[in-house]
Amino acid sequence: MTTTATFSQTPTRRVGLAQLSLVGTAPPQLVSIAAEAGFDFIGARVRPVTATERPYDLQPGSPMLKETIVRMQDTGVKVEDIEFLLLDGTDQRAAWLQMLEAGQALGARTMTVACADPDASRFADTLAQLSQDGRGFGILPTLEPISYQVVRSIPDAAERAGQAGIGIVVDSLHFHRFGGTLEELKACTSLVPLLQLCDGPVASPASHAGLILESRSERQVPGEGEFDLASLVAAFPADLPVSVETPSERRVTELGEAGWARMLKTGVDGVLASAAGLQRAGNR
């Protein structure tokens, strides 16, 4: 009797749901929604980015932290990363120490920051202090190049992060918006602990305000748009964790939080299966 081998297309790497995908959903609920949709981890926003965002108190001793940890224990979903601090040149050490405290309590491995400081020397000093503080909490700070901020390219972020002894986060939206290349990615894979995925059109918004709106409020499901996400993922090791960072206020309203999470998981699974195929082909 002849048997035909079958191969699962389900990616084996860990896949997470970023807080920005459901920015109005409190972390305890996000853990439960992520678990139901099949995600392995979440990213937790322990510090709001804008004044209009709902703040989440995840400091040690808070009721929300306790509830989040209980749900993590019940579901097996972990917190991989915490966010978000825009380093602007002012003294923000107290803020990031609070974030690191929350991240340590949640078991996070990384903390995401970005650069709005035009003074390169001052920013280098800031990253050096942040790196030192992060080591004390067992958390790796990660610098995210953002297309409308001071540090916007992969090479620039990699150089600054390498000097400070921290990592970088690659976000597929900003990677495309600042004209990144796969060669740039392959040159710094050792600095990248997490890849964030969304899709979108090749054409960029025409204005600075448009870039911000797209980034925060209206991205496309992985696999729906025009980005070559499979090649992007395939540029990294096969076990690199991937987080889906795909906000869409319109579609969350249409589908509900759980429905949106399920759609995102289906989309990213398809992208990761395609990326795995590219990696297998490249290893032959």
What pairs of residues pass the side-chain hydrogen bond (donor to acceptor under 3.5 Å, both in side chains) test when at least one of them lies in residues 25-49, not counting sequence neighbours?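 Pairs touching residues 25-49 that pass the test: Thr25-Glu257, Ser32-Arg71, Arg45-Glu53, Arg45-Glu83.
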Distance in Å, [X] [atom1] paired with [Y] [atom2], rounded so as to fall on 0.5 Å steps:
| X | Y | atom1 | atom2 | answer |
| --- | --- | --- | --- | --- |
| Glu101 | Leu58 | CD | CG | 12.5 Å |
| Leu229 | Asp199 | CG | CG | 4.5 Å |
| Leu87 | Arg93 | CG | CZ | 13.5 Å |
| Thr142 | Leu191 | OG1 | CG | 11.0 Å |
| Met263 | Glu224 | CE | CD | 6.5 Å |
| Leu17 | Glu245 | CG | CD | 10.0 Å |

Do [X] and [Y] share a hydrophobic cluster (ILVMFWY, side-chain heavy atoms under 4.5 Å, transitive)?
| X | Y | result |
| --- | --- | --- |
| Leu65 | Val77 | yes |
| Val113 | Val79 | yes |
| Leu264 | Val15 | yes |
| Val221 | Leu30 | yes |
| Val252 | Ile42 | yes |

Linking directly or through intermediates, with side-chain heavy atoms under 4.5 Å: list the remaining ILVMFWY members grouped with Leu194, chain and number order.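 Members alongside Leu194: Phe41.
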Apply the hydrophobic cluster definition, ILVMFWY joined by side-chain contacts under 4.5 Å directly or through others, and give me every member besides Val49.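 Under the 4.5 Å side-chain rule, Val49 groups with Phe84, Leu86, Ile146, Tyr148, Leu211, Ile212.
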Which pair of non-hydrogen atoms, one from [X] and one from [Y], has the smallest distance, and what is that distance?
| X | Y | result |
| --- | --- | --- |
| Arg54 | Ala26 | NH2-CB, 3.8 Å |
| Ile82 | Met99 | CD1-O, 3.1 Å |
| Glu218 | Glu249 | OE1-N, 3.8 Å |
| Gly103 | Ile139 | C-CD1, 3.6 Å |
| Cys188 | Ala158 | CB-CB, 4.0 Å |
| Val150 | Ala116 | CG2-C, 3.7 Å |

Paired with Ser147, the side chain to side chain donor-acceptor pair (under 3.5 Å) test is passed by just one of Arg177, His174, Glu214, namely His174
Could you walk me through whether Ser215 and Arg219 satisfy the side chain to side chain donor-acceptor pair (under 3.5 Å) test, starting with their C-alpha distance in whole Å, then the side-chain angles of each, then the deciding distance to 0.1 Å, before giving a yes or no? CA-CA 7 Å; Ser215 174; Arg219 305 190 192 189; 3.2 Å; yes
Within a strict 4.5 Å, meaning less than it, do heavy atoms of the [X] and [Y] side chains meet?
| X | Y | value |
| --- | --- | --- |
| Leu85 | Leu130 | no |
| Asp156 | Pro145 | no |
| Phe39 | Ile33 | no |
| Val242 | Phe236 | no |
| Gln196 | Leu20 | no |
| Pro205 | Leu213 | no |
| Leu127 | Pro141 | no |
| Leu232 | Asp228 | no |

Hey, does the side chain of [X] reach the backbone of [Y] with a donor-acceptor pair shorter than 3.5 angstrom?
| X | Y | answer |
| --- | --- | --- |
| Ser21 | Val244 | yes |
| Arg13 | Leu240 | yes |
| Thr68 | Pro27 | no |
| Glu184 | Pro155 | no |
| Ser172 | Cys198 | yes |
| Thr189 | Leu185 | no |
| Gln19 | Leu22 | yes |

Quick one about Arg135 and Ser131 (side-chain donor to acceptor, distance below 3.5 Å, no hydrogens or angles considered), yes or no?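 The answer is yes; a qualifying pair exists.
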Determine whether Gln129 and Trp96 satisfy the following criterion, side chain to side chain contact (heavy atoms under 4.5 Å, CB included), listing intermediate values before the conclusion. CA-CA 10 Å; Gln129 182 65 63; Trp96 77 55; 3.7 Å; yes
One pair to check against side chain to side chain contact (heavy atoms under 4.5 Å, CB included): Phe137 and Met111. What are the steps and the verdict? CA-CA 11 Å; Phe137 288 87; Met111 182 183 84; over 6 Å; no
Start with the C-alpha gap between Asp117 and Asp88, add the side-chain angles, then the distance that decides, and say whether side chain to side chain contact (heavy atoms under 4.5 Å, CB included) holds. CA-CA 4 Å; Asp117 186 355; Asp88 59 8; 5.8 Å; no
